[in-house]
Q: 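What follows is a structure written as structure tokens; I'll ask about it next.
Naming: A, B, ... by sequence-line order, numbering from 1 per chain.
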There are 2 protein chains.
Amino acid sequence: MNASRTARDRARAELTQEIKNEARRQLAVDGALKLSLRSVARELGMVSSALYRYFASRDELLTALIIDAYDAVGERAEKAAEEGAPRERWRRACHAVRAWARAHPHEYALIYGSPIPGYAAPQDTVASAARVPMVLIRILRETNPSPAFEGPPLTEGLAGQLRALGEQVTPDGERIAPDLPPQTLNRGMVVWTQLFGMLSFELFGQFVGSVDPADEFFDHTVEQLADFLGLPPAR
Amino acid sequence: MNASRTARDRARAELTQEIKNEARRQLAVDGALKLSLRSVARELGMVSSALYRYFASRDELLTALIIDAYDAVGERAEKAAEEGAPRERWRRACHAVRAWARAHPHEYALIYGSPIPGYAAPQDTVASAARVPMVLIRILRETNPSPAFEGPPLTEGLAGQLRALGEQVTPDGERIAPDLPPQTLNRGMVVWTQLFGMLSFELFGQFVGSVDPADEFFDHTVEQLADFLGLPPAR
DNA sequence: CCACGTCAAGAGCAGTGCTCTCGGAATCGT
DNA sequence: ACGATTCCGAGAGCACTGCTCTTGACGTGG
């Protein structure tokens with residue numbers, strides 16, 4: 001009953017994958033703007049209308065690609081941060097994210113650039129989007145940070161937002177980080193935005209004429225952010 | 001001889017402006033993706049082909065809008081940082097940029113989001129794009145920073161890039177910042193990327209579920225960055 | 001005054017996303 | 001094993017896009 005069902009389903013799943021692969025290929029060449037359903041259909045040897053059996057719209061295809069991209073970069077970060085001292089894990093995660101971003105600039109732009117269509121549905125994407133920041137949070141939870149400088153005290157409202165963030169439950173029923181003090185979460189937010197701010201500037205060309213190539217600036221800043229977080233010095 | 005010529009030219013300049021204004025209007029509503037030459041022409045009561053007398057292509061129109069946007073946010077930042085103590089100028093510039101970004105999210109996306117077409121020509125845009133970072137550099141030049149913490153030493157190559165950056169000449173023949181030590185320029189680069197990293201995350205929806213609304217996080221981070229830069233404490 | 005340069009208009013091309021309908025094929029219930 | 005149902009690819013077609021080329025009118029400068 002489901003050997004045959006899965007036969008159909010398997011064919012369907014395979015073709016769905018092929019469509020996404022071809023779309024990703026065109027994405028890497030021409031960018032999201034130029035990606036057209038008709039041309040991926042053409043390339044796959046089918047007619048454009050047939051493709052609508054698999055994705056209800058161009059936006060839905062894009063959304064699928066967005067989720068895949070979040071998962072791809074998230075997985076890279078997770079793998080990179082698997083083991084080592086906190087500072088080493090932080091370094092490796094940063095470099096893994098940058099390597100992925102530079103290898104797939106258009107996919108990076110898809111997820112961290114301007115939201116392309118009439119905004120892809122957020123809810124499906126959040127779980128995947130959270131994987132990178134979760135890597136950072138895990139590093140912070142398993143270390144005892146001693147930040148390089150204090151910084152201004154948190155305001156009441158901000159501390160509240162951060163505490164609520166730490167209490168949020170993931171899809172698998174765990175709380176994100178009930179043990180992390182708001183100050184630590186705040187520092188995490190800062191380095192998170194800094195990391196992707198750097199990558200966006202590098203990939204979107206804001207660095208041309210200043211720190212371009214950005215390798216050394218990136219490395220230095222990653223180290224500075226580790227100090228800022230208070231990750232114990234390496235070696 | 002040129003009273004009449006300028007008569008023609010004035011009509012032309014006016015219509016060029018009207019086209020950009022209408023395009024900006026549609027941009028604010030539908031986003032850059034949906035902006036179509038035909039519909040701005042339609043709205044202006046002319047036929048699409050006539051519009052090509054003013055902009056050679058859709059991309060050229062977009063590029064014009066990009067330059068205008070850079071100039072708009074640059075001017076806001078300059079105005080905001082006109083006077084006051086360094087820290088106050090920094091604060092006001094940051095808030096001016098954020099206010100503009102929130103008021104014109106699609107224009108912000110145009111310049112700080114993913115590069116839209118096959119990359120708009122950079123050279124025309126750099127002068128306008130540099131206005132915001134130049135505001136920051138001017139603040140740094142007119143203060144005597146005492147940063148809140150040292151951070152790792154600059155590598156040789158990075159220091160070289162930053163010195164070269166300081167020696168670059170602006171269109172009006174001035175050097176950018178020959179007097180600023182590389183360490184200071186490096187801190188400037190960091191806060192610059194942090195500022196726009198935060199804004200991009202806020203506007204592109206990465207903060208939903210964490211520090212959303214981002215007002216307090218933004219304010220706090222601006223202050224923290226001022227400490228990081230070593231701007232003398234206010235009052 | 002008239003020729004030249006500028007301009008808006010229109011038709012047309014190639015391409016797009018998306019819809020609907022139509023036959024054929026695979027699958028399922030019996 | 002067969003009929004019913006569900007799925008799927010093909011094709012035509014609609015409304016739209018950016019862009020090109022030609023045509024005819026208008027204002028201006030010699």
Q: Got a sec, which residues hit ring-ring contact (aromatic ring centres under 6.0 Å, His included) with A:Tyr54, two or more places apart in sequence or on another chain?
A: none
Q: Quick one: salt bridge (charged side-chain N to carboxylate O under 4.0 Å, His left out) pairs with a partner in residues 189-211 of chain B, sequence neighbours left out?
A: B:Arg98-B:Glu202, B:Arg102-B:Glu202
Q: Output a table of donor-acceptor pairs, distance under 3.5 Å, between side-chain atoms of residues 206-215 of chain B and any protein atom two or more places apart or on a different chain; print 'none' if there are none.
A:
unit_1, atom_1, unit_2, atom_2, d
B:Gln206, NE2, A:Tyr70, OH, 3.1
B:Gln206, NE2, A:Ile111, O, 3.3
B:Ser210, OG, B:Phe207, O, 2.9

Q: Using a heavy-atom cut-off of 4.0 Å across all strands, would you classify B:Phe55 as base, sugar-phosphate, or nothing?
A: nothing
Q: My understanding is that only residues two or more places apart in sequence, or in another chain, count here; which of them pass side chain to side chain contact (heavy atoms under 4.5 Å, CB included) with B:His220?
A: A:Pro152, A:Leu154, A:Leu158, A:Asn186, B:Gln224
Q: Indicate every side-chain donor-acceptor pair of residues 34-51 of chain A with a distance under 3.5 Å to a residue at least two apart or in another chain.
A:
unit_1, atom_1, unit_2, atom_2, d
A:Ser36, OG, A:Ser39, N, 3.0
A:Ser36, OG, A:Ser39, OG, 3.2
A:Ser39, OG, A:Gln26, OE1, 2.5
A:Ser39, OG, A:Gln26, NE2, 3.1
A:Ser39, OG, A:Ser36, O, 3.2

Q: Which parts of residues 14-23 of chain B get close to DNA chain C, meaning a heavy atom less than 4.0 angstrom away?
A: B:Leu15
Q: Check A:Glu75 with A:Lys79, please: is the shortest side-chain N to carboxylate O separation under 4.0 Å?
A: yes
Q: The criterion is side chain to side chain contact (heavy atoms under 4.5 Å, CB included); which residues satisfy it with B:Asp68, sequence neighbours excluded?
A: B:Lys20, B:Arg24
Q: Rounded to whole angstrom units, what separation is found between the CG atom of A:Asp9 and the P atom of D:dC7?
A: 10 Å
Q: Go along nucleotides 12-22 of chain C 5' to 3' and tag each nucleotide: B for a protein heavy atom under 4.0 Å from its base, S when only backbone or sugar atoms are that close, - otherwise.
A: B---BBBBB--
Q: Once side chain to side chain contact (heavy atoms under 4.5 Å, CB included) is applied, do any residues pair with A:Arg53, and if so which ones, sequence neighbours excluded?
A: none
